[in-house]
K.L.:
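Below you'll find the structure I mean.
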Amino acid sequence: MAKQSSKEEQNINVFVRIRPNNPVENEAKTLEVLSKKEILSKTTYNQKRYVFDRVFDCHSSQQEIYNAVVSPLIPEVISGYNCTVFAYGQTGTGKTYTMEGFHDQDNQISSGIIPRALAQIFKVLSNMNTESSVKVSYLELYNEELFDLLSQCNTPKAIRIFEDKAQKGSVILQGLEELSVTELGQVYKILEQGSERRRIASTLMNSSSSRSHAVFTIVVHTREITVEGEELVKTGKLNLVDLAGSENISKSGAIDKRAREAGSINQSLLTLGRVIKALTEKNTHVPYRESKLTRILQDSLGGRTKTSLIATISSANVHMEETLNTLEYAMRARCIQNRPELNQKISRTALINQYSDTIEKLQRDLVAMRTGTGIFVDEDNYTKLITDHKAQKNEITEKMNYIKKLESDISDNTEKLQTLQASWVEAANNIEYLANEKKILEKDLVLVKEANEQHVRELKVVKDKHKYLKDETDKLLCDIQKHSVNEDTLHRKVSYLYQTSQSNKSIANSFYNVYNKLYTELISSVERCISFAMKAVLDTDALFKNQSRETTYGKIVSQINDLLRQSNEIREFKSKHIENKDMLGARFNTYFNSLQTLSQGMQERSIEFSTKFDDNLIYLRDIISSFSDEKGASLMTIMPNLFNIRQSAAREFMAMTDILKDFHCTIIANMDELINEVENLTDENKESHQVIETLQEVRAFI
Ligand SMILES: Nc1ncnc2c1ncn2[C@@H]1O[C@H](COP(=O)(O)OP(=O)(O)OP(=O)(O)O)[C@@H](O)[C@H]1O
């Protein structure tokens with residue numbers, strides 16, 4: 001513990017003591033002593049390292065605690081400082097054990113801080129070989145009431161708190177007995193008596209010592225002689241405070257009647273906590289006056305006292321929450337800063353005068369009590385009493401007014417309470433209604449959740465389908481794009497073919513018309529030829545039978561001339577045909593060869609025709625040859641020529657007719673096929689356009 005010079009700020013020293021576990025408790029795996037100054041807490045949520053002035057594990061002895069915490073304070077107390085040691089912690093963690101220990105003088109191993117401190121003080125004072133006195137008082141604070149644990153009266157005396165005008169921040173406890181102690185045996189008796197009174201009081205009040213605070217105070221007076229030879233009296237004080245259990249009130253089981261007292265204890269500890277908080281946050285207002293505990297110990301918290309705090313904890317799992325609360329509390333207390341100051345030294349003469357006045361006053365009271373009839377105090381004291389009484393009366397009047405005000409407040413508050421109760425009933429009904437609503441909503445929520453899950457499943461199916469469609473659409477679009485390119489080409493080709501086929505068709509039609517005309521002309525000329533021949537035969541016949549030779553001869557000559565003319569016509573037709581053939585060949589290169597073949601076929605057909613015609617000619621020749629004159633002979637020379645001309649004309653005509661027919665049919669068929677193809681392609685093209693549009697619509701919708 002660092003020693004600091006006077007008036008320097010000094011933090012409260014904070015120590016932690018871990019109580020050994022009892023056989024039924026499990027040691028917490030969540031609390032680990034890292035070193036002499038550090039503890040680590042490991043909860044499920046986090047872990048935290050706490051640093052203190054010293055950590056005592058469960059094996060630490062009473063002696064070790066005393067040596068570290070209190071022993072260094074004794075010289076300070078003797079030299080005139082006020083020191084305070086608090087024991088803070090959950091009930092049953094060893095606060096009383098640490099402060100008092102067992103009251104067994106023969107076995108001092110378990111003795112606590114109080115007897116050890118007094119033992120050390122006696123020892124130091126005896127070594128100092130100076131005049132001194134040691135006085136002790138033992139105070140209990142329970143339910144905001146003070147009790148003197150050393151009082152000899154059977155009925156508890158009221159103890160009042162006054163501000164010490166001489167020392168700001170200190171209080172005087174009027175009515176509290178101070179006992180002079182000179183040896184340790186007395187101390188153990190005093191402790192025993194104090195414990196007994198505490199036990200009796202708690203039984204009478206149906207309370208528990210764990211809910212009361214106990215303050216054991218040791219006051220040491222020592223004589224000091226200055227260089228000038230003046231005798232001074234130094235006063236030092238050591239407060240040893242065993243605080244009430246710090247655990248949560250509701251958790252400690254405070255109920256009904258005990259609630260108020262539990263509330264008071266809670267109030268005291270809460271005020272202590274608030275005072276610590278205000279001091280650590282350096283607030284201008286520190287709420288010392290909100291509880292008697294903090295009023296009495298005001299000087300020990302942020303004042304002129306040297307203060308230490310021992311936080312007692314249990315390492316059992318079951319107390320883990322409270323243990324962490326205690327550690328947090330102790331950590332905060334560690335930030336409080338005090339300014340220790342030496343108490344004023346009083347000259348021995350002044351002190352003796354002070355005591356003499358008190359003795360004189362008491363003696364006057366005694367004399368008055370012994371001699372007087374009804375008045376038991378001397379006049380001065382009486383006057384003082386009257387003054388005090390008046391002051392008290394005024395105070396009572398003030399208090400009564402205050403009480404009246406409180407009563408009116410209470411009645412107001414009662415009304416408010418009734419209103420609140422009505423609201424509360426309404427609120428309770430609302431809560432019930434809301435709870436029912438909540439249940440219904442929860443059911444609905446389950447249904448909605450199920451429906452939602454179903455939707456999610458359906459959505460997944462739709463999504464899969466959508467994905468499939470999208471892939472397919474993409475593929476199709478890709479194909480369509482390719483197809484569009486091909487289609488353009490195809491369109492151009494088709495359009496070209498269509499135009500070509502249209503022109504082919506018109507060419508073929510015109511060609512057909514030409515040849516049809518020629519064919520008709522040829523047929524009519526051949527028919528004319530045949531009828532001429534037939535007529536010639538008939539005329540010859542008639543000639544032989546009915547007419548003269550000259551007439552017959554002349555008719556034959558004219559018929560032959562007709563034949564020659566017609567043969568010329570056939571020749572012309574042939575040359576026309578060749579012209580047309582050339583024209584065709586020029587226009588239809590691809591059909592040129594077939595036209596030649598067809599021409600040959602035409603020749604063959606013409607032979608057939610000629611053969612038939614030959615028969616007629618032979619018949620004619622036979623007739624002519626029957627003529628004996630020159631004219632008959634010359635006629636006979638023409639016959640072969642006629643015969644040949646007729647033959648070739650017939651052949652060419654026939655073959656050409658058939659071939660041209662075939663050719664025409666072929667062209668027309670090709671044309672139709674071509675047109676069909678074009679129409680099919682156009683239809684297909686329309687269908688593809690429709691498919692594309694549909695797919696584009698589907699894609700836009702998705
Ligand atoms: N360090 C220790 N070594 C041995 N026994 C201990 C120790 N600490 C506490 N005990 C024992 O534990 C029990 C409870 O201790 P104690 O009464 O001192 O607790 P407390 O914190 O003062 O409780 P309360 O707030 O109820 O007064 C006692 O029997 C005491 O002897």
Side-chain angles (χ1 to χ4, degrees), residues 15-28 31 33 39 54-70 85-104 107-116 138-143 147 149 188 191-192 194-203 205-216 240-254 258 261-262 264-266 268-269 272 293 309-316 318-319 321-323 325-327 329-330:
F15 305 89
V16 171
R17 183 177 196 184
I18 303 171
R19 192 206 66 184
N21 284 338
N22 61 41
V24 291
E25 290 174 336
N26 292 326
E27 196 170 332
L31 202 64
V33 178
I39 285 191
R54 178 85 187 264
V55 176
F56 300 100
D57 65 19
C58 57
H59 306 294
S60 301
S61 67
Q62 295 280 67
Q63 183 68 49
E64 280 176 72
I65 308 291
Y66 179 79
N67 286 349
V69 183
V70 186
V85 179
F86 288 99
Y88 176 91
Q90 185 191 358
T91 294
T93 48
K95 297 184 293 295
T96 312
Y97 179 77
T98 303
M99 281 298 175
E100 294 184 20
F102 297 146
H103 311 140
D104 184 358
N107 179 11
Q108 293 182 5
I109 294 173
S110 305
S111 295
I113 287 170
I114 295 172
R116 284 175 194 274
Y138 204 0
L139 177 76
E140 185 180 32
L141 172 61
Y142 171 74
N143 197 16
F147 300 97
L149 292 176
Y188 280 107
L191 285 177
E192 194 54 47
S195 297
E196 182 61 13
R197 280 189 172 269
R198 220 177 157 186
R199 195 180 54 74
I200 293 167
S202 67
T203 311
M205 287 179 291
N206 193 25
S207 72
S208 153
S209 65
S210 65
R211 293 203 287 276
S212 72
H213 314 276
V215 185
F216 191 93
L240 299 167
V241 187
D242 179 4
L243 290 168
S246 63
E247 63 280 353
N248 187 305
I249 295 302
S250 61
K251 220 176 145 194
S252 73
R258 296 187 188 185
E261 65 192 37
S264 299
I265 285 169
N266 197 22
S268 286
L269 284 180
L272 183 64
L293 180 74
L309 184 138
I310 303 171
T312 56
I313 57 170
S314 156
S315 66
V318 69
H319 301 307
E321 194 184 337
E322 285 303 337
T323 299
N325 283 344
T326 305
L327 291 174
Y329 196 94

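Residue numbers start at 1 and run along the sequence shown. Just follow the structure's listing: the first ligand is 1, and inside any ligand the first atom is 1. Computed from a predicted structure; not experimentally measured.
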K.L.:
Is the closest side-chain donor-acceptor distance between T98 and R17 under 3.5 Å?
P.N.:
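The answer is yes; a qualifying pair exists.
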K.L.:
For Y97, does its backbone N or O pair with a side-chain atom of E100 as donor and acceptor, under 3.5 Å?
P.N.:
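No: the side chain of E100 does not pair with the backbone of Y97.
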K.L.:
Quick check against the 3.5 Å criterion: does R54 have a side-chain atom that pairs as donor or acceptor with the backbone of V16?
P.N.:
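It does not hold such a pair.
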K.L.:
Do the ring planes of F147 and Y142 sit parallel (below 30°), tilted (30 to 60°) or perpendicular (above 60°)?
P.N.:
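Plane angle between 30° and 60°, so tilted.
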K.L.:
Between the main-chain N or O of S314 and the side-chain N or O of T323, is there a donor-acceptor pair closer than 3.5 Å?
P.N.:
yes
K.L.:
Using distance alone, with no hydrogens and no angle criterion, decide if R116 and Q108 have a side-chain donor and acceptor under 3.5 Å apart.
P.N.:
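Not at all, the side chains of R116 and Q108 share no donor-acceptor pair under 3.5 Å.
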K.L.:
So if I count the atoms of ligand 1 from 1 in the order they appear, which ones are less than 4.0 Å from some heavy atom of Q90?
P.N.:
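Going through ligand 1 atom by atom, the ones under 4.0 Å from Q90 are 21 (O).
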K.L.:
Output yes when the distance from some N or O of ligand 1 to some N or O of D242 is under 3.5 Å, and no in every other case.
P.N.:
no
K.L.:
Is it true that G92 lies under 4.0 Å from ligand 1, counting heavy atoms only?
P.N.:
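It does; at least one heavy atom falls under 4.0 Å.
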K.L.:
After noting the C-alpha distance and the side-chain angles of H213 and E140, does the key distance pass the side-chain hydrogen bond (donor to acceptor under 3.5 Å, both in side chains) rule?
P.N.:
CA-CA 6 Å; H213 314 276; E140 185 180 32; over 6 Å; no
K.L.:
Using distance alone, determine whether R19 and ligand 1 share an N or O pair under 3.5 Å.
P.N.:
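No - when backbone and side-chain N and O of R19 are compared with those of ligand 1, no distance drops under 3.5 Å.
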K.L.:
Where does S60 meet ligand 1, judged by heavy-atom distances below 4.0 Å: at the side chain, the backbone, both, or neither?
P.N.:
neither
K.L.:
Is R17 near ligand 1, meaning one of its heavy atoms is under 4.0 Å from it?
P.N.:
yes
K.L.:
Do any nitrogen or oxygen atoms of A244 lie less than 3.5 angstrom from nitrogen or oxygen atoms of ligand 1?
P.N.:
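Between A244 and ligand 1, no N or O pair is found under 3.5 Å apart.
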K.L.:
May I ask whether T312 has any heavy atom positioned less than 4.0 angstrom from an atom of ligand 1?
P.N.:
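Heavy atoms of T312 never come under 4.0 Å of ligand 1.
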K.L.:
Under 3.5 Å between some N or O of ligand 1 and some N or O of T98?
P.N.:
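Between T98 and ligand 1, no N or O pair is found under 3.5 Å apart.
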K.L.:
Using a strict cut-off of 4.0 Å, indicate which atoms of ligand 1 neighbour a heavy atom of F102.
P.N.:
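Matching atoms, with element in brackets: 31 (O).
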